[in-house]
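What follows is a set of notes on a single structure, which appears directly below.
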Amino acid sequence: MGAGSTFGFSLGLLQAGVVSRLSISDLATSALAAAGRRAEQLGLHIENEELADPEMLPFDDDSFDLVVAHALLHRRMDPASTLTEMLRVLRPGGRFVITGESTRLKDWASRGYAREQGSVGRVGMSRAGKARTRLPERLRTLTGAPDASPTVPERLEAVAAAAGAKDVRLRPEELLATVLPYPGAEPGQTVIRSRERLAGLDRKLSQVLPATVFPTVGLTGTR
């Protein structure tokens with residue numbers, strides 16, 4: 001989900017044989033196109049590319065063993081609805097992994113998170129059809145709007161559990177590692193090794209420091 005920021009990681013899983021099939025979704029056609037070009041360069045096959053709203057995915061229930069996303073929940077999305085969709089498309093026992101969620105201290109109920117979700121008619125149309133029908137409205141709503149306020153880590157765990165997730169775990173990320181620029185799609189080996197070392201120190205610090213002092217957190221759980 002959110003192929004613009006996760007396709008490098010997803011393609012890496014495919015290339016390493018961790019997953020055998022990959023479907024990607026994003027609200028932007030440019031993100032899907034970039035992922036497709038990169039997959040072609042690596043000789044990899046993306047099974048399905050969907051222009052899709054994270055809050056209403058055009059995939060059937062119980063479709064996937066793994067769902068990954070990066071910095072998605074604070075990107076103008078409603079966390080509860082997005083997590084519910086992640087769990088819906090996962091098979092029983094399947095896992096979701098989210099990284100890069102902001103942790104700056106702000107009220108969870110700030111504008112963008114407190115909004116009520118409108119219902120979408122379901123009679124006479126497939127889920128894929130309904131999801132695609134909703135896209136133009138969603139794009140108009142999201143284009144030009146500011147990102148929603150950053151999440152409060154402890155509340156994020158609670159929202160995931162309320163959505164039905166099991167074995168929910170929050171992991172602080174990138175405290176020291178932020179001193180280096182993000183390596184990007186084609187990082188040099190020096191940058192990669194340096195960030196790996198700093199990330200290792202961050203993991204040790206996360207055992208003694210609260211998540212709120214880290215700029216981002218990761219969230220994982222199972223259905």
Side-chain angles (χ1 to χ4, degrees), residues 1-13 24-28 31 34-35 54-55 66-87 95-114 142 145-163 165 167-188 191-222:
M1 295 172 65
S5 56
T6 60
F7 76 83
F9 176 59
S10 300
L11 291 176
L13 293 176
I24 61 174
S25 66
D26 201 280
L27 270 168
E55 294 179 22
L66 174 67
V67 174
V68 297
H70 175 78
L72 182 69
L73 298 183
H74 70 279
R75 298 291 186 187
R76 311 165 192 154
M77 304 302 169
D78 177 73
S81 296
T82 303
L83 285 162
T84 297
E85 278 294 270
M86 285 185 167
L87 293 168
R95 178 172 294 279
F96 69 86
V97 177
I98 307 171
T99 64
E101 289 301 327
S102 172
T103 64
R104 287 173 296 171
L105 289 175
K106 292 201 176 174
D107 186 357
W108 176 270
S110 62
R111 188 176 181 180
Y113 282 116
L142 297 177
D147 281 358
S149 295
T151 59
V152 177
E154 293 80 1
R155 186 64 62 86
L156 195 58
E157 285 185 284
V159 170
D167 187 29
V168 179
R169 287 177 287 162
L170 191 83
R171 188 177 75 176
E173 303 171 335
E174 297 188 327
L175 179 61
L176 299 178
T178 57
V179 302
L180 290 177
Y182 189 73
E186 298 292 344
V191 174
I192 291 176
R193 285 194 294 268
S194 297
R195 284 186 67 90
E196 285 178 343
R197 294 190 188 100
L198 291 177
L201 290 174
D202 285 342
R203 285 192 289 273
K204 293 180 179 178
L205 288 174
S206 69
Q207 298 173 10
V208 295
L209 296 177
T212 49
V213 306
F214 287 75
T216 62
V217 295
L219 183 73
T220 185
T222 60

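Every value quoted in this text rests on a predicted model; they were computed, and no experiment measured them. Scope of the values below: all heavy atoms of this structure, side chains included, with no hydrogens, waters or symmetry mates.
You'll find the side chain of L73 stays beyond 4.5 Å of the side chain of V159, heavy atoms only. Contact annotation: the side chain of P54 approaches that of L27 to within less than 4.5 Å [non-hydrogen atoms, C-beta and beyond]. In this structure, D167 and R95 have side chains that are in contact, with non-hydrogen atoms separated by less than 4.5 Å.
Contact between L176 and L198 at its shortest, heavy atoms only, is O-CD1, 3.6 Å. L170 and A211 get closest at one heavy-atom pair: CD2-CB, 4.1 Å. When all heavy atoms of D26 and G2 are compared, the pair lying nearest together is OD2-C, 3.1 Å. When all heavy atoms of T220 and F96 are compared, the pair lying nearest together is OG1-O, 2.8 Å. For the pair V68 and F9, the tightest heavy-atom approach, listed with the atom from each and the gap, is CG1-CE2, 3.8 Å.
In this structure, the separation between CG on L72 and OG1 on T99 is 10.0 Å, given to the nearest 0.5 Å. Rounded to the nearest 0.5 Å, atoms CG (L175) and CZ (R203) are 13.5 Å apart.
Among V168, D78, V67, I98, the one residue that satisfies the side-chain contact (heavy atoms from CB on, under 4.5 Å) test with L83 is I98.
Between the D202 side chain and the E173 main chain, no donor and acceptor come within less than 3.5 Å of each other. Remark: the backbone N or O of E85 is not paired with any side-chain donor or acceptor of E55 at under 3.5 angstrom. With T216 contributing its side chain and E101 its backbone, the two residues share no donor-acceptor pair below 3.5 Å.
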